[in-house]
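Written out below as structure tokens is the structure these notes cover.
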Amino acid sequence: MKEGITPQQVVDKYHAMMKESFDQLGIAFDVYSRTSAPVHHETSSAFFKKLYDDGLFEEKETEQYYDEKTNTFLADRYITGTCPICANPNAYGDQCEKCGSSLSPDQLINPRSTLSDAVPLKRKTKHWYFPLQQYEPWLKKWILEEHTEWKNNVFGQCKSWLENGLQSRAMTRDSNWGVQVPLPDAEGKVLYVWFDAPIGYISATKELTDKWADYWCKEDTKLVHFIGKDNIVFHCIIFPAMLKAHGGFVLPDNVPANEFLNLEGDKISTSRNWAVWVHEYLQDFPGCEDVLRYVLCANSPETKDNDFTWKDFQDRNNSELVAIFGNFVNRTFVLMHKLCGGKVPKLHEDILDENDKALIAEFENTTAEVQSALEHYRFRDALFQVIDLARKGNQYMQKKEPWILAKQLPENTEVQKPIDNCLHVCLQLCANLAVLINPFLPVTARKMLHMMKVVDKMLDWENAGKLKLLSVGYSLREPQLLFRKIEDEEINKQVEKLKNGRQQTTVAAEATNAEAKPAATAKPEIVYDDFAKLELKVATVTACEKVPKADKLLKLEVDLGTEKRTIVSGIAQHYTAEEMVGKQVIVVTNLAPRKMKGIESQGMILTAEDNDGKLQLLRPENPVSPGSNVS
RNA sequence: CGCGAAGUAGAGCAGCGGUAGCUCGUUGGGCUCAUAACCCAAAGGUCGGGAGUUCGAUCCUCCCCUUCGCAACCA
């Protein structure tokens, strides 16, 4: 709605955009689907129908508040009113933030809609509830006893839910966007997003293969959900309970939820354009797909929120990818061409020394560590181990100093042997590095394959840790640099772009609107007479103070020419009392008075909300006399 | 309000009862095949704050502070 287009257009736009971005970053999916696909509608409907036919839902008809102005049923959070317990006039339908009581909308005195400020009416609506509490004993056993290995943040959250007690939860909503409830008499009802969304995983598998049941219904399947911390409950509690209720499906083996990644100290937000857009990144850093992948993995918020900064991006690229990994591969190839005629030299086992043996042993050690880390979802650590192996390669080469040995060649041809050994080991290490880095940096792994003139098959994980990946005597290509250095200038540009982009959101949003079809209005059309019912006037603020114990409210005295009025307005987080004095504002003067925090407000000040959620006062371009009509 | 997770050197992390460690970055020195690595040395931490338990606490207990998340028509 905000973009002025239909939900369908929104999903089409972003689906295409994300698919392309994933593709360009070398992130491949067996299937990249969406819950608007027909197969998903069928699958989720059928799932619902099965639970329904098995009598697992509670059908409840409730009276829910309905906002006639916007034609919508109101979620609890969208209703405010006076708290029955502490008389706070701004309690929400689900809880009062002043006294902390949990509420239901029915308990509110003088409820109103936060969408339109209308007085909501009760309307009957029927929904289907899933009795989560019935699965509580089973969930407790399954998670708290059988999955103690889950991550702290995940396990703790689940424990909290389970110990607080689960409740029936509506699995349908009143809406016209989503999957229709597959029952007669269910006009205008759709499945609750978090009912159908995880079923989307099953639907997508169906789209992939007829043998989808081999994945979902066989005990040897290991189901893992990679998610962010904000939806732990859906994947650990609700979806498993649904699967259990339905029967015949495997349950998640693990749900390694990550924390959040910030960007330059602020929360990432695509709507506020505080983001790094993949398609723009690839334009600005062509050929650097793997660098972004590297930094995101090395800095992934596995145990706590982390920050992506361009400076860190540069540091990690220059010191870890270029200087450690890239440099090792490069110097190995350069030396091999200089000292071994461009071919994989022989390994003279008779003269292997401790250094050789130690490094060779590292092939397997590191492989085991990387594998173990991956199996335990410690991706950061796994990647570190790979880079660390390259570091060990550098150390090894430094100890062996084949370039020094080479100086003795004219008088002693025997030294070719240790030179051969060093480069043989280093080259085999390069091959191992290619295999080990492949899951993280696939583009880099390909480049290495090319240099080694070997086939893709070599990258199979089974090859990790082996000493003999390259054959003796095989001639290899000239080295190509795997990574390039990233200069300060490029980084500064990105930081600037980010900061400028933040202000351009409005422009971007307008551009989107211009392309889109005529916007569907959110509210029904009205006639002039409806508009004429409003009395809007310009007023000058003569005094202003903050309302005590209310963080959002300012109490204003305004001059309407013929009279003065007191108005309470929820703009305290956007304007200070001092700066309001003397400003002109537009006031709805014939709005019924309402008390807020014990002060009667005799009107309402008009504001507009920008993309940052900041309120902007509406006011005349040039000062006019107080009391002027607005039309 | 409550619940969960997190808070350890400039950055990213480990440690979890006994002199605070790793990688990167910084500074000085050595070396040079390499987009320079590597070696040596150094600087940099009242382990979020306070109380307690203990012979001893970053680690255990309690309180507090900060950040993020917690069934919203949001995968």
Side-chain angles (χ1 to χ4, degrees), chain A residues 7 11 18 34-35 72-78 92-102 132 151-161 163-164 166-167 169-170 172-178 190-194 196-198 200-201 225 227-235 237-238 257 259-260 262 267 295 298-307 309 311-312 315-316 318-324 326-339 378 380-381 384 387-388 390-391 393-399 401-404 406 422-423 479 481-485:
Chain A
V11 298
M18 292 163 94
R34 48 201 289 188
T35 54
T72 40
F73 278 101
L74 294 166
D76 295 355
R77 207 51 209 245
Y78 289 152
Y92 289 105
D94 55 349
Q95 73 168 180
C96 171
E97 298 200 327
K98 196 176 167 203
C99 68
S101 319
S102 284
L132 282 169
K151 287 173 67 169
N152 275 348
N153 53 345
V154 177
F155 191 82
Q157 187 68 234
C158 290
K159 197 167 167 224
S160 160
W161 279 105
E163 286 176 355
N164 285 334
L166 300 174
Q167 290 170 18
R169 187 180 169 81
T172 56
R173 294 289 134 108
D174 292 293
S175 173
N176 44 26
W177 171 253
V190 296
L191 302 183
Y192 170 51
V193 234
W194 283 108
D196 88 79
Y201 306 143
H225 295 301
I227 59 167
K229 64 173 161 183
D230 53 334
N231 40 80
I232 289 171
V233 66
F234 305 107
H235 290 85
I237 309 263
I238 299 176
E259 301 285 303
F260 284 172
N262 293 320
K267 190 181 249 201
V295 175
N299 192 26
S300 133
E302 288 178 359
T303 55
K304 63 164 195 185
D305 289 1
N306 269 346
D307 201 18
T309 63
K311 179 80 183 86
D312 181 61
D315 283 349
R316 298 197 104 109
N318 290 353
S319 62
E320 292 166 26
L321 292 179
V322 175
I324 307 284
N327 184 48
F328 173 72
V329 175
N330 184 243
R331 69 200 295 214
T332 296
F333 270 72
V334 168
L335 281 173
M336 179 267 298
H337 277 95
K338 280 188 185 166
L339 307 178
R378 288 185 279 110
R380 247 184 353 207
D381 186 31
F384 174 83
I387 299 299
D388 204 47
R391 188 175 291 119
N394 277 320
Q395 286 165 344
Y396 165 80
M397 192 182 273
Q398 206 61 34
K399 278 188 194 142
E401 295 184 315
W403 55 93
I404 303 280
C422 173
L423 284 158
L481 295 180
L482 295 175
F483 307 98
R484 67 172 183 85
K485 223 173 172 163

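Computed from a prediction, not measured in an experiment: that's the story for all the values here. Chain letters run A, B, ... following the sequence lines, proteins first, then strands; residues in each count from 1.
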About how many Å separate [atom2] of [Y] and [atom1] of [X], when rounded to the nearest 0.5 Å?
| X | Y | atom1 | atom2 | result |
| --- | --- | --- | --- | --- |
| A:Lys485 | A:Ser319 | NZ | OG | 9.5 Å |
| A:Leu335 | A:Cys422 | CG | SG | 7.5 Å |
| A:Asn327 | A:Thr332 | CG | OG1 | 8.5 Å |
| A:Ile232 | A:Lys151 | CD1 | NZ | 8.5 Å |

Among [options], which is the nearest nucleotide to the side chain of [X]?
| X | options | result |
| --- | --- | --- |
| A:Arg380 | B:C13, B:U32, B:G4 | B:C13 |
| A:Lys304 | B:C22, B:U8, B:A75 | B:U8 |
| A:Asp230 | B:A5, B:A75, B:C13 | B:A75 |

Applying a 4.0 Å non-hydrogen cut-off, can you work out what A:Ala406 is touching in the nucleic acid: base, sugar-phosphate, or nothing? nothing
Does A:Asn231 reach a base, just sugar-phosphate, or nothing at all? Heavy atoms under 4.0 Å. base
Whole-Å [atom1] distance, [N] and [M]:
| N | M | atom1 | value |
| --- | --- | --- | --- |
| B:C74 | B:G10 | P | 42 Å |
| B:C16 | B:A41 | C1' | 31 Å |
| B:A36 | B:U27 | P | 16 Å |
| B:C24 | B:A9 | C1' | 12 Å |
| B:G48 | B:C13 | P | 15 Å |
| B:U19 | B:U58 | P | 11 Å |
| B:C60 | B:G25 | P | 33 Å |
| B:U8 | B:A20 | C1' | 9 Å |

Nearest heavy-atom pair of A:Met397 and A:Trp403: which atoms, and what distance? O-CH2, 3.7 Å
Considering all heavy atoms, the nearest A:Thr309-A:Asp307 contact: CG2-OD2, 3.6 Å
Closest-nucleotide mapping onto RNA chain B: is A:Gln157 or A:Val233 further toward the 5' terminus? I mean the 5' end. A:Gln157
Closest nucleotide of RNA chain B for A:Lys311 versus for A:Leu132: which of these residues is on the 5' side? A:Lys311
Could you check whether any side-chain heavy atom of A:Leu132 comes within less than 4.5 Å of a side-chain heavy atom of A:Ile238, counting everything from C-beta outward? yes
Any A:Asn330 side-chain heavy atom under 4.5 Å of A:Leu481 side chain: yes
When you check every protein heavy atom under 4.0 Å of nucleotides 33-45 of chain B, what one-letter string (B, S, -) results, 5' to 3'? BBBSBSS------
[X] [atom1] to [N] [atom2], straight-line distance once rounded to whole Å:
| X | N | atom1 | atom2 | result |
| --- | --- | --- | --- | --- |
| A:Arg316 | B:G10 | CZ | P | 16 Å |
| A:Arg378 | B:G12 | CZ | C1' | 16 Å |
| A:Asp388 | B:C13 | CG | P | 17 Å |
| A:Leu321 | B:U23 | CG | P | 17 Å |
| A:Met18 | B:C74 | CE | P | 16 Å |
| A:Asp305 | B:U66 | CG | C1' | 13 Å |
| A:Glu320 | B:U23 | CD | C1' | 7 Å |
| A:Trp177 | B:C74 | CH2 | C1' | 14 Å |

Would you call the rings of A:His225 and A:Tyr201 parallel, tilted or perpendicular, where under 30° means parallel and over 60° means perpendicular? tilted
With pairs defined as Watson-Crick or G-U wobble and both distances under 3.5 angstrom, please note down RNA chain B as a dot-bracket string, | for pairing with another strand. .(((((((.[[[[.).....]]]].(((((.......))))).....(((((.......))))))))))).....
Does a side-chain N-to-carboxylate-O contact under 4.0 Å join A:Lys304 and A:Glu259? no
For A:Ser175, the side-chain contact (heavy atoms from CB on, under 4.5 Å) test, sequence neighbours excluded, returns A:Trp177, A:Val190
Are A:Tyr192 and B:C74 close enough that a side-chain N or O sits under 4.0 Å from OP1 or OP2? no
